[in-house]
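Hydrogens, waters and symmetry mates play no part in the numbers below; they use all other heavy atoms, side chains included.
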Protein chains: 2
Amino acid sequence: MLDNKKVTELLRKKGFKVTPQRLAIYNVLCNTKSHPNAEMIFNKLQPYYPTMSLATIYKTVDILNEIGLINILNVGEDAFRYDANMTSHAHICCTECGRIDDIMMNFDNCVTDVENQSSYNIEKYQFYFYGVCAECKAKKEKVS
Amino acid sequence: MLDNKKVTELLRKKGFKVTPQRLAIYNVLCNTKSHPNAEMIFNKLQPYYPTMSLATIYKTVDILNEIGLINILNVGEDAFRYDANMTSHAHICCTECGRIDDIMMNFDNCVTDVENQSSYNIEKYQFYFYGVCAECKAKKEKVS
DNA sequence: GTATCTGCAAATTCTTTGCAGTCAT
DNA sequence: ATGACTGCAAAGAATTTGCAGATAC
């Protein structure tokens, strides 16, 4: 969740150019909690950057991921989702409506355990929980 | 990891027919630890079922997943991977060579914590760790 | 000024679908 | 006997690639 000035510095330091598109895409990700996929980012920016293409979004999220500004999520859908929240946390997906929420919980002790048990050097992790969210639970009860 | 007799019973009970292809695909998954994708399963069965198509594999893994015999994994590659090990465990992926290993560790206490913190009913979870495996670590050291 | 970037279109790749013939029950 | 299944080919969908013109530096 860096401001444009910091993002600019970081992009330059890593050898990438700073373009309005790149800043805009990162800002979309900073200002949402919905973990959008490429198309959702595209739709959000459509009014402001009507000529922007999906290819630019894909190229940009790759760069943002490479320089450590965002994470790429795989919840099991056909499309990837993107997240600018880089603090250690997990995700929980509703199997009914598809929403994805953050679980702001730290699992670093799990990482230590796993590193001790395996022969890997662990760089990062992704935890996904699946279940029915409160809203969908309520809806289901109303029906039955 | 059920035997053919138990798989047969389960398929019938859930209203699916029992075919040699279905048993063969499940058996491939039971007899490997490499978490194959559809194409790998296809290649493995090619000598024995030379006319089997990828479509059959995709349809079958969907059914096996639906009746609780396998899990579908998304490690972040382009293709899904399949796992017949249904005991609670996590996966660790080597970012160098792409291998996927099991972490036979139980994370049920995390599930309880998350269920308490969120308003979800949790049905299942997937934990993915990413890092460099022992073999790739050794290779890298030799080069430098 | 020049190397990189954007945006378009085409290509690629994994997965799904429709359908005719086959098989399980 | 019949409803479900297989296998083929074609379709679908997300992502990547190639390239010409535009832009950051």
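Checking the phosphate oxygens (OP1, OP2) of C:dG7, a side-chain nitrogen or oxygen of A:T51 falls inside 4.0 Å. Look at A:S53 and you won't find any side-chain N or O under 4.0 angstrom from OP1 or OP2 of C:dC8. Look at A:T56 and you won't find any side-chain N or O under 4.0 angstrom from OP1 or OP2 of C:dC5.
A salt bridge is absent between A:E66 and A:K14; no separation between the charged side-chain nitrogens and carboxylate oxygens falls under 4.0 Å.
Annotation: side-chain hydrogen bond (donor to acceptor under 3.5 Å, both in side chains) contacts of B:T87 (sequence neighbours excluded): B:N85.
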Quick test: give all pairs of protein nitrogen or oxygen and nucleotides 16-20 of chain C nitrogen or oxygen below 3.5 Å, distance rounded to 0.1 Å.
residue	atom	partner	partner atom	Å
C:dG18	O6	B:K59	NZ	3.4

Kindly determine whether B:R81 and B:D83 satisfy salt bridge (Lys or Arg N to Asp or Glu O under 4.0 Å), including the steps that lead there. CA-CA 7 Å; B:R81 286 168 170 263; B:D83 188 359; over 6 Å; no

Quick one, B:H91 with B:D102, criterion side chain to side chain donor-acceptor pair (under 3.5 Å). Give me CA distance, side-chain angles, the key distance, then yes/no. CA-CA 5 Å; B:H91 293 99; B:D102 290 312; 3.3 Å; yes

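Using bins of under 30°, 30° to 60° and over 60° for the plane-to-plane angle, the ring pair A:Y130/A:Y128 lands in the tilted bin. Under the 30°/60° scheme for interplanar angles, the aromatic rings of B:F129 and A:Y125 are found to be tilted.
The base of C:dA24 lies close enough to the side chain of B:K17 for a donor and an acceptor atom to sit less than 3.5 Å apart.
Atom CD1 of A:I63 is separated from atom P of C:dT4 by 12 Å (rounded to the nearest Å). A:L11 has its CG atom 10 Å from the P atom of C:dT6, to the nearest Å. In this structure, B:D78 places its CG atom 14 Å from C1' of D:dA13, rounding to the nearest Å. As rounded to whole Å, 13 Å separates atom P of D:dT16 from atom CD of B:E77. Spacing between atom CG of B:L73 and atom P of C:dT15 amounts to 12 Å, rounded to whole angstrom units. Rounded to an integer number of Å, the gap from B:I57 CD1 to D:dC5 P is 17 Å.
Between the side chain of A:Y26 and the backbone N or O of A:L2 there is at least one donor-acceptor pair closer than 3.5 Å.
When each of C:dG7, D:dC5, D:dG7 is scored by its nearest atom to the side-chain atoms of A:M52, the top-ranked nucleotide is C:dG7. You'll find that the side chain of B:A79 is closest to C:dC14, out of D:dA13, C:dC5, C:dC14. Picking from D:dA14, C:dT4, C:dT25 the nucleotide with the shortest atom distance to the side chain of B:R12 gives C:dT25.
In this structure, the ring of B:Y82 has its center no less than 6.0 angstrom from the ring center of B:F80.
If you check the side chains of B:H89 and B:N106, you find no donor sitting under 3.5 Å from an acceptor.
Taking every heavy atom of residues 20-47 of chain B and every atom of DNA chain D, pairs under 4.0 Å involve B:Q21, B:R22, by number.
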